[in-house]
Number of protein chains: 2
Amino acid sequence: MATIRDVAELAHVSVATVSRTLQQPDRVSPKTRVRVLEAIDHTGYKPNLMAVKFRSGKTHSLVVLVPTVANLFFARVISGMQVAAAQRGYTLLLGNTLGNPDIEAEYAKMVQTSQADGVIQLRAHNPFPADMRTTDGLLPMVNACEVRATTDCPTVTLDNRAAAATMTRHLIALGHRSIALIKGPHASPLTQDRLAGYQDALREANIPFDENLLFNGDFTLQAGYEAAQRILTIGQRPTALFCENDETAIGAVQALKEAGLRIPEDISVAGFDDIAFAGFCDPPLTTIAQPAEEFGQTAVNLLVDVLTGNIKKAPKVIMPFELIVRKSTGPAPTY
Amino acid sequence: MATIRDVAELAHVSVATVSRTLQQPDRVSPKTRVRVLEAIDHTGYKPNLMAVKFRSGKTHSLVVLVPTVANLFFARVISGMQVAAAQRGYTLLLGNTLGNPDIEAEYAKMVQTSQADGVIQLRAHNPFPADMRTTDGLLPMVNACEVRATTDCPTVTLDNRAAAATMTRHLIALGHRSIALIKGPHASPLTQDRLAGYQDALREANIPFDENLLFNGDFTLQAGYEAAQRILTIGQRPTALFCENDETAIGAVQALKEAGLRIPEDISVAGFDDIAFAGFCDPPLTTIAQPAEEFGQTAVNLLVDVLTGNIKKAPKVIMPFELIVRKSTGPAPTY
DNA sequence: TAATTTAATGTAATCCGTTACATTTTTACG
DNA sequence: CGTAAAAATGTAACGGATTACATTAAATTA
């Protein structure tokens, strides 16, 4: 592999001139410029970006910590990140953490070992040791999607509480009084927030909150399927089921159908996220749409702004959501 | 950030000794070893891996070119890659190429610019210029999932032709004689191979091949939906529909149901890939299961073997498939 | 104990591109 | 034409870890 010195030799110039030809072409006379460019052509020279990154101390790489890439919502977020990263000249390093804090910390070390400039965390965790702050007092991190209110780093999130309340109000408006909720993983702020929104809407409508209508899940199809089976075993069957994400809802629908229930005639089901499959299931799923790609783009832009010192204090960006009413929710059955 | 020199100074040794303490601890006396380790602790020293990579010329990074991360089959493949990459001490750089050869070439440049050691390509493309071969005459690349027979780099693939034939035979065995096929993108070898397998099975059964039963798709839900709508407009409606992937099949099922058809009573539908949703749709989808995670693992292992010189010629690995019969296929209706 | 081998440590070059500073060449203008 | 200013180019240090080779210290053997 040809180095800058090979080019310099062939073009009868110094390495500095070659470097300038590429970095600041107007600081080189036209004749030498063409000579150098020809030499580059001849040698097939490509700058060793590892050397550049080492020298500059900047890698222009961002670590993205994703609980799992096998989640369509995250897939969309990541797509958005890649668009923004490419625009800003950054590369993404994807870390599939499986929600494991050790793996998160392992990936975060890439910042400490100068392999990456910053981290985008899709969970409400801080994988850094305490002393990793930049000169501005910020961590080289942004937190997207799942966010804890107490964090002091830039965040991009949804008003999950308001969104869940909106969906719950939709169900209440359809006459539902007994609305089950399949939650996400226990510790997740997402879960907490959506639960809070659900409770808000119940309270507004003077519907007593019933803890027995809360079911645990983990955002997977399987979890939704199993939770729905449990729901069918409780005494008074709820007339509606709000699932904290679409995968859960689709799994639940499957179990409910297998049990012979009609949706939405016998029971309404609602999801959250509006993944592509939501529009292609039977019945199409009523859900909350989130601007997933824009989450990713915003997260990258915020992080790059932090890294370049464009931001002095951590902004909290709130993205809009939209209630998408399809066919899986309908009027509460009257007995 | 502390450097190796800071550590050396604090421990009153040379930088060489510090380096040896970490690389070859037995070449350092026990007393100095503990002294150095203490100094490392005190300074919080973390080796600058950018410097290491630059010095060694090896990045221990692999570029993965994925047409789209928003595809659940690829998501599983990538998960498998990450497992294997972690085991072998490599990092993955994910390139979402959207099937665009320019973007592929852009990412492949990361190898030429020493940002990555090799490439895993999930399409049957060679993004490299001709002169990128290693000393063994191999490209630093493996080709997984979608593979063209003529390629000379290591490959991991399925016998797509045999798999498609297996599925088609399953449909024929159920009495179907008119089987439509929704293909993938035109240029894809996957599409070609699965079409060939479909034709093989027809020929075996002496069923004439009818070009009018071929429909174009692009492996998305939407494409399946639209193709199925087109199928409903042709004169003699087929009794079975074989889709070249599950997304297509699920999209098609939706369109067929909306048109009032029952599955499988009126029309059978089969997919390919066995994504998680295949088991959670209505009806659950008959499909071909592929060992997606193992595709990824094998691909990474092959590439690392190429890079380390463990492999002199390019192996062609064929992975097993399995016919998964669920509820979306049934006996052909008798008119 | 002297001589020799082995272990431990140190010195300095190296990887390659960037850039501050130095030097040379060209241009501009009196 | 000569000198000052501007433009073009060159020299060499730098970044941080690794490692070949050199040197010193410790262990072994005669």
Side-chain angles (χ1 to χ4, degrees), chain A residues 1-40 43-61 89 109-117, chain B residues 1-40 42-61 89 91 109-117:
Chain A
M1 196 91 276
T3 74
I4 199 171
R5 268 160 251 269
D6 300 324
V7 175
E9 196 174 347
L10 185 59
H12 302 292
V13 295
S14 71
V15 293
T17 302
V18 177
S19 182
R20 274 189 289 254
T21 304
L22 295 167
Q23 308 302 322
Q24 328 161 46
D26 45 326
R27 303 199 66 70
V28 164
S29 78
K31 322 130 207 175
T32 42
R33 198 187 308 154
V34 303
R35 198 143 38 86
V36 169
L37 291 175
E38 280 173 9
I40 287 177
T43 54
Y45 167 71
K46 289 267 186 331
N48 180 327
L49 292 188
M50 226 56 201
V52 175
K53 291 175 174 186
F54 163 54
R55 178 59 160 69
S56 70
K58 298 288 169 212
T59 64
H60 281 241
S61 300
K109 277 211 192 100
M110 297 182 77
V111 176
Q112 303 169 56
T113 57
S114 308
Q115 296 183 89
D117 298 345
Chain B
M1 196 92 277
T3 74
I4 199 170
R5 264 159 258 270
D6 300 325
V7 176
E9 196 174 347
L10 186 61
H12 302 293
V13 295
S14 70
V15 292
T17 301
V18 177
S19 181
R20 276 189 288 255
T21 304
L22 295 167
Q23 308 302 321
Q24 328 160 45
D26 45 327
R27 304 199 66 72
V28 164
S29 79
K31 321 130 207 173
T32 42
R33 197 186 308 155
V34 303
R35 198 144 37 85
V36 170
L37 292 174
E38 281 173 9
I40 288 176
H42 258 82
T43 54
Y45 167 71
K46 290 265 188 330
N48 180 327
L49 293 188
M50 226 56 201
V52 173
K53 291 175 175 186
F54 164 53
R55 179 57 162 67
S56 69
K58 299 287 167 212
T59 64
H60 281 240
S61 300
T91 302
K109 278 212 192 99
M110 297 181 77
V111 176
Q112 303 169 56
T113 57
S114 308
Q115 295 184 89
D117 298 345

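Proteins come first, then strands; the chains are lettered A, B, ... in the order of their sequence lines, and each starts at number 1. For the numbers below, each heavy atom of this structure counts, side chains included, while hydrogens, waters and symmetry mates do not.
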Exercise. Does anything in residues 8-21 of chain B reach DNA chain C, meaning a heavy atom under 4.0 Å, and if so which residues?
Worked result: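 Hits under 4.0 Å, by residue number: B/H12, B/V13, B/S14, B/V15, B/A16, B/T17, B/R20.
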To the nearest Å, give me how far apart [atom1] ([X]) and [atom2] ([N]) are.
{"X": "B/D6", "N": "D/dG16", "atom1": "CG", "atom2": "P", "value": "9 Å"}
{"X": "B/M50", "N": "D/dT18", "atom1": "CE", "atom2": "P", "value": "15 Å"}
{"X": "B/K53", "N": "D/dT18", "atom1": "NZ", "atom2": "P", "value": "13 Å"}
{"X": "A/I4", "N": "D/dT9", "atom1": "CD1", "atom2": "C1'", "value": "14 Å"}
{"X": "A/Q115", "N": "D/dA17", "atom1": "CD", "atom2": "C1'", "value": "14 Å"}
{"X": "A/R55", "N": "D/dA17", "atom1": "CZ", "atom2": "C1'", "value": "16 Å"}
{"X": "B/K31", "N": "D/dA25", "atom1": "NZ", "atom2": "P", "value": "13 Å"}
{"X": "A/Q24", "N": "D/dT9", "atom1": "CD", "atom2": "C1'", "value": "13 Å"}

Problem set entry | Distance (rounded to the nearest 0.5 Å) between A/L22 CG and A/R33 CZ |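 Rounded to the nearest 0.5 Å, the CG-CZ separation comes out at 11.5 Å.
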Distance-only criterion, 3.5 Å: show the donor-acceptor pairs between side-chain atoms of residues 4-12 of chain A and protein atoms not counting sequence neighbours.
| from | atom 1 | to | atom 2 | distance (Å) |
| --- | --- | --- | --- | --- |
| A/D6 | OD2 | A/T3 | N | 2.8 |

Exercise. Between B/A51 and A/F54, what is the shortest heavy-atom contact and its length?
Worked result: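 The pair with the smallest heavy-atom distance is CB-CE1, 3.5 Å.
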For this session: Considering non-hydrogen atoms only, spot the tightest contact between B/K53 and B/T59 and give its length.
Result: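 What the structure gives for the nearest pair is CE-O, 3.0 Å.
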Problem set entry | Presence of donor-acceptor pair under 3.5 Å, side chain of B/R5 and base of D/dA17 |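 Counting by modelled atom types and ignoring angles, a donor-acceptor contact under 3.5 Å is found here.
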Exercise. Going 5' to 3' along DNA chain C, which nucleotides are the first and last within contact of chain B (any atom under 4.0 Å from a heavy atom)?
Worked result: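 That gives a stretch of C/dA8 to C/dC16.
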Exercise. What residues form a side-chain contact (heavy atoms from CB on, under 4.5 Å) with B/T113, not counting sequence neighbours?
Worked result: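 With neighbours one apart ignored, the set is A/K46, A/L49, B/Q115.
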For this session: Kindly write out the residues that satisfy side-chain contact (heavy atoms from CB on, under 4.5 Å) with B/S29, not counting sequence neighbours, or none if the list is empty.
Result: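 With sequence neighbours excluded, B/S29 shows a side-chain contact (heavy atoms from CB on, under 4.5 Å) to B/K31, B/T32, given in chain and number order.
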Exercise. If only side-chain N and O atoms of A/T32 are considered, is one of them under 4.0 Å from the OP1 or OP2 phosphate oxygen of D/dA8?
Worked result: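 Result: no.
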Exercise. Do we count A/F54 as stacking onto D/dG16 if the rule is ring centres under 5.5 Å and planes under 30°?
Worked result: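 Base of D/dG16: not stacked against A/F54.
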For this session: Take A/M1 and A/N48, measure what side-chain contact (heavy atoms from CB on, under 4.5 Å) needs, and give me the verdict at the end.
Result: CA-CA 9 Å; A/M1 196 91 276; A/N48 180 327; over 6 Å; no
For this session: Would you list the pairs meeting side chain to side chain donor-acceptor pair (under 3.5 Å) in which at least one residue belongs to residues 16-26 of chain B, sequence neighbours left out?
Result: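 As it turns out, the side chain to side chain donor-acceptor pair (under 3.5 Å) pairs with a partner in residues 16-26 of chain B, which skip direct neighbours, are B/S14-B/T17.
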Problem set entry | Residue pair B/R35 / B/V13, side-chain heavy-atom distance below 4.5 Å |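 Yes, their side chains come closer than 4.5 Å.
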